[in-house]
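One structure is given below, encoded as C-alpha coordinates.
Quick note: numbers below take in every heavy atom, side chains included, and nothing from hydrogens, waters or symmetry partners. Each ligand, and each atom within it, is numbered from 1 in the order the structure gives.
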Amino acid sequence: MAGPVAPEEQKFCLQEVLDTFKLCLSENKDVYLEHYIAGWRGLVKFLNSLGSVFGFISMDAVNKLKILVAYLEGENGSQYVTIQSMLKYELDNGLVDLTKKASNPESGCRTLLRLHRALRWLELFLERLRTSSEDSKTSVMCAEAYNESLAQHHPWVIRKAAGMAFCVLPGRLAFLEVMNVGPPEKVVAMLGEAIPLISEVYQITEELYAQHNLLELP
Ligand SMILES: CCCCCCCC/C=C\CCCCCCCC(=O)N[C@@H](COP(=O)(O)O)[C@H](O)/C=C/CCCCCCCCCCCCC
(Lines give C-alpha, C1' and ligand atoms only; values in the text may rest on other atoms or scores of the structure.)
Protein backbone atom coordinates (compact mmCIF):
# COMPACT_ATOMS: atom_id res chain seq x y z
CA MET A 1 0.00 0.00 0.00
CA ALA A 2 1.37 3.46 -0.90
CA GLY A 3 2.18 5.77 2.03
CA PRO A 4 1.15 9.44 2.37
CA VAL A 5 2.48 11.81 -0.30
CA ALA A 6 5.11 14.33 0.88
CA PRO A 7 3.90 17.99 0.49
CA GLU A 8 6.57 18.83 -2.11
CA GLU A 9 5.40 15.86 -4.25
CA GLN A 10 1.72 16.77 -4.08
CA LYS A 11 0.10 18.08 -7.25
CA PHE A 12 -0.29 21.81 -7.70
CA CYS A 13 -3.89 22.97 -7.42
CA LEU A 14 -4.95 26.52 -8.25
CA GLN A 15 -7.79 26.30 -5.71
CA GLU A 16 -5.24 25.89 -2.90
CA VAL A 17 -3.32 28.98 -3.97
CA LEU A 18 -6.58 30.90 -4.18
CA ASP A 19 -7.47 29.78 -0.65
CA THR A 20 -4.11 30.83 0.80
CA PHE A 21 -4.26 34.26 -0.80
CA LYS A 22 -7.79 34.63 0.63
CA LEU A 23 -6.35 33.99 4.09
CA CYS A 24 -3.58 36.57 3.62
CA LEU A 25 -5.59 39.64 4.59
CA SER A 26 -6.82 40.41 8.08
CA GLU A 27 -10.02 42.39 8.66
CA ASN A 28 -8.07 45.64 8.79
CA LYS A 29 -6.03 44.68 5.71
CA ASP A 30 -2.84 43.60 7.37
CA VAL A 31 -1.01 40.90 5.39
CA TYR A 32 -0.29 37.67 7.28
CA LEU A 33 3.24 36.52 6.52
CA GLU A 34 2.39 32.85 7.19
CA HIS A 35 -0.25 32.76 4.44
CA TYR A 36 1.84 34.91 2.09
CA ILE A 37 4.60 32.31 2.40
CA ALA A 38 2.10 29.45 1.95
CA GLY A 39 0.80 31.10 -1.25
CA TRP A 40 4.33 31.29 -2.65
CA ARG A 41 5.03 27.70 -1.67
CA GLY A 42 2.03 26.62 -3.72
CA LEU A 43 3.29 28.62 -6.70
CA VAL A 44 6.77 27.13 -6.38
CA LYS A 45 5.18 23.68 -6.47
CA PHE A 46 3.68 24.65 -9.82
CA LEU A 47 7.03 25.95 -11.06
CA ASN A 48 8.76 22.71 -10.06
CA SER A 49 6.22 20.71 -12.06
CA LEU A 50 7.37 22.55 -15.20
CA GLY A 51 10.81 20.93 -15.12
CA SER A 52 14.43 21.54 -14.20
CA VAL A 53 14.86 24.49 -16.61
CA PHE A 54 13.06 26.53 -13.98
CA GLY A 55 15.25 25.19 -11.16
CA PHE A 56 17.33 28.39 -10.80
CA ILE A 57 14.16 30.46 -10.40
CA SER A 58 12.58 28.01 -7.98
CA MET A 59 15.79 27.85 -5.92
CA ASP A 60 15.90 31.63 -5.52
CA ALA A 61 12.24 31.75 -4.46
CA VAL A 62 12.73 28.85 -2.00
CA ASN A 63 15.81 30.51 -0.46
CA LYS A 64 13.87 33.69 0.10
CA LEU A 65 10.95 31.79 1.62
CA LYS A 66 13.37 30.00 3.95
CA ILE A 67 14.75 33.33 5.17
CA LEU A 68 11.24 34.55 5.98
CA VAL A 69 10.25 31.26 7.67
CA ALA A 70 13.36 31.49 9.85
CA TYR A 71 12.26 34.94 11.06
CA LEU A 72 8.67 33.82 11.57
CA GLU A 73 9.73 30.78 13.56
CA GLY A 74 12.62 32.51 15.32
CA GLU A 75 12.80 34.07 18.78
CA ASN A 76 11.22 37.31 17.52
CA GLY A 77 8.57 35.50 15.52
CA SER A 78 5.72 37.43 17.11
CA GLN A 79 7.08 40.57 15.35
CA TYR A 80 6.77 38.83 11.99
CA VAL A 81 3.09 37.87 12.08
CA THR A 82 2.15 40.47 9.46
CA ILE A 83 4.14 42.37 6.84
CA GLN A 84 3.11 45.57 8.67
CA SER A 85 4.51 44.36 12.02
CA MET A 86 7.70 43.08 10.33
CA LEU A 87 8.36 46.48 8.76
CA LYS A 88 7.79 48.31 12.02
CA TYR A 89 9.96 45.94 14.04
CA GLU A 90 12.87 45.86 11.60
CA LEU A 91 12.82 49.63 10.99
CA ASP A 92 12.46 50.55 14.69
CA ASN A 93 15.41 48.30 15.53
CA GLY A 94 17.72 49.33 12.68
CA LEU A 95 17.56 45.88 11.11
CA VAL A 96 17.20 47.03 7.49
CA ASP A 97 20.08 48.05 5.20
CA LEU A 98 18.47 51.07 3.58
CA THR A 99 20.97 52.27 1.00
CA LYS A 100 23.66 49.63 0.60
CA LYS A 101 24.17 46.09 1.83
CA ALA A 102 25.92 46.18 5.21
CA SER A 103 25.13 44.40 8.47
CA ASN A 104 21.61 43.23 7.47
CA PRO A 105 21.91 41.90 3.91
CA GLU A 106 19.01 39.49 4.40
CA SER A 107 16.46 41.53 6.32
CA GLY A 108 12.85 40.41 6.16
CA CYS A 109 11.96 43.68 4.43
CA ARG A 110 14.42 43.32 1.51
CA THR A 111 13.71 39.61 1.15
CA LEU A 112 9.98 40.12 0.98
CA LEU A 113 10.45 43.02 -1.46
CA ARG A 114 11.93 40.58 -4.03
CA LEU A 115 8.88 38.31 -3.74
CA HIS A 116 6.58 41.33 -3.78
CA ARG A 117 8.04 42.41 -7.13
CA ALA A 118 7.52 38.87 -8.41
CA LEU A 119 3.88 39.05 -7.28
CA ARG A 120 3.38 41.92 -9.73
CA TRP A 121 4.79 39.71 -12.50
CA LEU A 122 2.33 36.99 -11.45
CA GLU A 123 -0.61 39.38 -11.51
CA LEU A 124 0.28 40.63 -15.01
CA PHE A 125 0.93 37.13 -16.31
CA LEU A 126 -2.28 35.62 -14.93
CA GLU A 127 -4.36 38.48 -16.30
CA ARG A 128 -2.88 37.85 -19.75
CA LEU A 129 -3.55 34.14 -19.36
CA ARG A 130 -7.14 34.78 -18.27
CA THR A 131 -7.95 36.98 -21.25
CA SER A 132 -5.89 35.04 -23.81
CA SER A 133 -7.25 33.31 -26.89
CA GLU A 134 -6.68 29.62 -27.68
CA ASP A 135 -3.71 30.31 -29.93
CA SER A 136 -1.90 32.69 -27.51
CA LYS A 137 1.60 31.67 -26.46
CA THR A 138 2.36 31.34 -22.74
CA SER A 139 6.03 32.19 -23.45
CA VAL A 140 5.03 35.54 -24.96
CA MET A 141 2.56 36.34 -22.15
CA CYS A 142 5.17 35.43 -19.57
CA ALA A 143 7.92 37.49 -21.23
CA GLU A 144 5.65 40.54 -21.61
CA ALA A 145 4.63 40.38 -17.95
CA TYR A 146 8.27 39.92 -16.92
CA ASN A 147 9.49 42.87 -19.01
CA GLU A 148 6.83 45.12 -17.47
CA SER A 149 7.79 44.20 -13.92
CA LEU A 150 10.63 42.07 -12.56
CA ALA A 151 13.00 42.57 -15.48
CA GLN A 152 13.48 46.19 -14.46
CA HIS A 153 15.18 44.94 -11.28
CA HIS A 154 17.32 42.19 -12.84
CA PRO A 155 20.77 42.39 -14.44
CA TRP A 156 21.30 41.34 -18.07
CA VAL A 157 22.43 37.80 -17.25
CA ILE A 158 19.29 36.99 -15.24
CA ARG A 159 17.05 38.56 -17.89
CA LYS A 160 18.75 36.43 -20.53
CA ALA A 161 18.40 33.18 -18.50
CA ALA A 162 14.77 33.95 -17.66
CA GLY A 163 14.01 34.69 -21.33
CA MET A 164 15.47 31.32 -22.34
CA ALA A 165 13.44 29.47 -19.70
CA PHE A 166 10.19 31.12 -20.87
CA CYS A 167 10.73 29.59 -24.34
CA VAL A 168 10.16 26.07 -23.00
CA LEU A 169 6.90 26.83 -21.21
CA PRO A 170 4.11 24.46 -22.22
CA GLY A 171 1.41 25.72 -24.56
CA ARG A 172 -1.70 27.43 -23.20
CA LEU A 173 -3.91 24.33 -22.97
CA ALA A 174 -1.28 22.14 -21.29
CA PHE A 175 -0.51 25.03 -18.95
CA LEU A 176 -4.16 25.37 -17.91
CA GLU A 177 -4.37 21.60 -17.38
CA VAL A 178 -1.50 21.58 -14.88
CA MET A 179 -3.59 23.84 -12.66
CA ASN A 180 -5.82 20.85 -11.86
CA VAL A 181 -9.06 22.78 -11.88
CA GLY A 182 -10.90 21.19 -14.81
CA PRO A 183 -11.74 22.45 -18.31
CA PRO A 184 -10.20 25.74 -19.53
CA GLU A 185 -13.42 27.72 -18.87
CA LYS A 186 -13.27 26.69 -15.23
CA VAL A 187 -9.61 27.70 -14.92
CA VAL A 188 -10.38 31.05 -16.49
CA ALA A 189 -13.24 31.59 -14.02
CA MET A 190 -11.01 30.69 -11.09
CA LEU A 191 -8.28 33.03 -12.35
CA GLY A 192 -10.95 35.73 -12.35
CA GLU A 193 -11.38 35.08 -8.63
CA ALA A 194 -7.67 34.74 -7.81
CA ILE A 195 -6.30 37.80 -9.63
CA PRO A 196 -8.18 40.46 -7.58
CA LEU A 197 -6.98 38.81 -4.36
CA ILE A 198 -3.36 38.74 -5.53
CA SER A 199 -3.74 42.29 -6.76
CA GLU A 200 -5.09 43.53 -3.41
CA VAL A 201 -2.23 41.91 -1.47
CA TYR A 202 0.20 43.46 -3.96
CA GLN A 203 -1.33 46.95 -3.69
CA ILE A 204 -1.40 46.97 0.11
CA THR A 205 2.25 45.87 0.28
CA GLU A 206 3.27 48.37 -2.42
CA GLU A 207 1.65 51.27 -0.55
CA LEU A 208 3.22 50.20 2.73
CA TYR A 209 6.71 49.99 1.23
CA ALA A 210 6.19 53.31 -0.61
CA GLN A 211 5.09 55.08 2.60
CA HIS A 212 8.36 54.02 4.24
CA ASN A 213 10.53 54.64 1.16
CA LEU A 214 11.50 50.98 0.99
CA LEU A 215 10.82 50.20 -2.66
CA GLU A 216 14.50 50.28 -3.67
CA LEU A 217 16.10 48.32 -0.82
CA PRO A 218 19.52 46.95 -1.88
C1 LIG B 1 -1.44 30.28 -10.70
C2 LIG B 1 -0.39 29.47 -11.26
C3 LIG B 1 0.19 29.86 -12.55
C4 LIG B 1 1.43 30.57 -12.53
C5 LIG B 1 2.43 29.92 -11.67
C6 LIG B 1 3.69 30.64 -11.65
C7 LIG B 1 4.59 30.02 -10.70
C8 LIG B 1 5.70 30.92 -10.38
C9 LIG B 1 6.39 30.51 -9.18
C10 LIG B 1 7.41 31.16 -8.73
C11 LIG B 1 7.88 32.40 -9.39
C12 LIG B 1 9.26 32.68 -9.07
C13 LIG B 1 9.48 33.89 -8.27
C14 LIG B 1 10.86 34.35 -8.46
C15 LIG B 1 11.28 35.30 -7.42
C16 LIG B 1 12.40 36.10 -7.93
C17 LIG B 1 12.90 37.06 -6.90
C18 LIG B 1 14.04 37.86 -7.51
O19 LIG B 1 13.78 38.79 -8.22
N20 LIG B 1 15.28 37.46 -7.24
C21 LIG B 1 16.44 38.06 -7.85
C22 LIG B 1 17.01 39.13 -6.97
O23 LIG B 1 17.33 38.59 -5.72
P24 LIG B 1 18.59 39.16 -4.89
O25 LIG B 1 19.81 38.79 -5.68
O26 LIG B 1 18.42 40.63 -4.80
O27 LIG B 1 18.53 38.44 -3.58
C28 LIG B 1 17.44 36.98 -8.18
O29 LIG B 1 18.59 37.53 -8.74
C30 LIG B 1 16.72 36.09 -9.14
C31 LIG B 1 17.13 34.96 -9.56
C32 LIG B 1 16.27 34.01 -10.37
C33 LIG B 1 15.62 34.53 -11.61
C34 LIG B 1 14.24 35.07 -11.41
C35 LIG B 1 13.48 35.19 -12.72
C36 LIG B 1 12.04 35.35 -12.43
C37 LIG B 1 11.19 35.13 -13.63
C38 LIG B 1 9.71 35.15 -13.31
C39 LIG B 1 9.14 33.83 -13.00
C40 LIG B 1 8.95 32.97 -14.19
C41 LIG B 1 8.23 31.70 -13.91
C42 LIG B 1 7.63 31.15 -15.14
C43 LIG B 1 6.63 30.09 -14.90
C44 LIG B 1 5.29 30.32 -15.42
Side-chain angles (χ1 to χ4, degrees), residues 11-21 36-68 97 100-101 104-130 132 137-172 174-181 184 186-199 201-202 215-218:
K11 273 191 179 174
F12 171 84
C13 172
L14 182 58
Q15 179 70 55
E16 265 175 46
V17 171
L18 179 65
D19 291 344
T20 34
F21 276 103
Y36 190 90
I37 292 170
W40 272 110
R41 278 187 165 151
L43 293 166
V44 168
K45 210 195 284 182
F46 181 90
L47 193 61
N48 289 340
S49 76
L50 296 179
S52 54
V53 180
F54 296 90
F56 74 106
I57 303 177
S58 162
M59 205 185 297
D60 185 68
V62 168
N63 283 341
K64 287 178 170 50
L65 293 173
K66 278 186 183 159
I67 294 171
L68 294 175
D97 290 346
K100 62 175 170 43
K101 277 192 182 177
N104 303 290
E106 293 190 337
S107 66
C109 287
R110 73 86 63 189
T111 302
L112 190 123
L113 176 62
R114 270 55 185 176
L115 294 172
H116 166 68
R117 289 169 177 164
L119 202 62
R120 176 66 180 154
W121 160 79
L122 183 71
E123 182 191 350
L124 294 172
F125 174 57
L126 294 184
E127 182 55 19
R128 278 177 167 79
L129 198 60
R130 188 183 73 83
S132 60
K137 284 191 174 350
T138 48
S139 55
V140 173
M141 294 186 258
C142 188
E144 285 175 355
Y146 176 70
N147 291 336
E148 272 181 39
S149 55
L150 266 180
Q152 290 155 27
H153 304 282
H154 288 165
W156 181 85
V157 65
I158 297 283
R159 293 202 304 270
K160 207 72 195 155
M164 275 158 40
F166 299 158
C167 292
V168 303
L169 279 173
R172 181 179 175 275
F175 199 93
L176 296 181
E177 256 169 43
V178 192
M179 297 200 187
N180 284 312
V181 171
K186 230 178 142 193
V187 184
V188 166
M190 197 173 282
L191 285 176
E193 242 189 286
I195 296 166
L197 289 171
I198 292 171
S199 174
V201 170
Y202 175 83
L215 285 169
E216 298 300 328
L217 289 179

Could you tell me the residue and atom name of the protein heavy atom closest to [atom], and the distance to it rounded to 0.1 Å?
atom                    : result
atom 28 (C) of ligand 1 : D60 OD2, 3.6 Å
atom 38 (C) of ligand 1 : L150 CD1, 3.8 Å
atom 35 (C) of ligand 1 : H154 CE1, 3.8 Å
atom 2 (C) of ligand 1  : F12 CZ, 3.7 Å
atom 11 (C) of ligand 1 : W40 CZ3, 3.7 Å
atom 1 (C) of ligand 1  : L14 CD1, 3.5 Å
atom 22 (C) of ligand 1 : R114 CG, 3.9 Å
atom 43 (C) of ligand 1 : L47 CD1, 3.6 Å

Region of L129 engaging ligand 1 - heavy atom pairs below 4.0 Å =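 Neither; no heavy atom under 4.0 Å.
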Atom 25 (O) of ligand 1 touched by protein heavy atom at under 4.0 Å = no
Check whether the ring centres of F46 and F175 lie less than 6.0 Å apart, and answer yes or no.
-> yes
For ligand 1, which atoms have a heavy atom of F166 less than 4.0 angstrom away?
-> 40 (C)
May I ask you to check if ligand 1 and W121 share an N or O to N or O distance below 3.5 Å?
->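 No; the residue has no nitrogen or oxygen that sits under 3.5 Å from a nitrogen or oxygen of the ligand.
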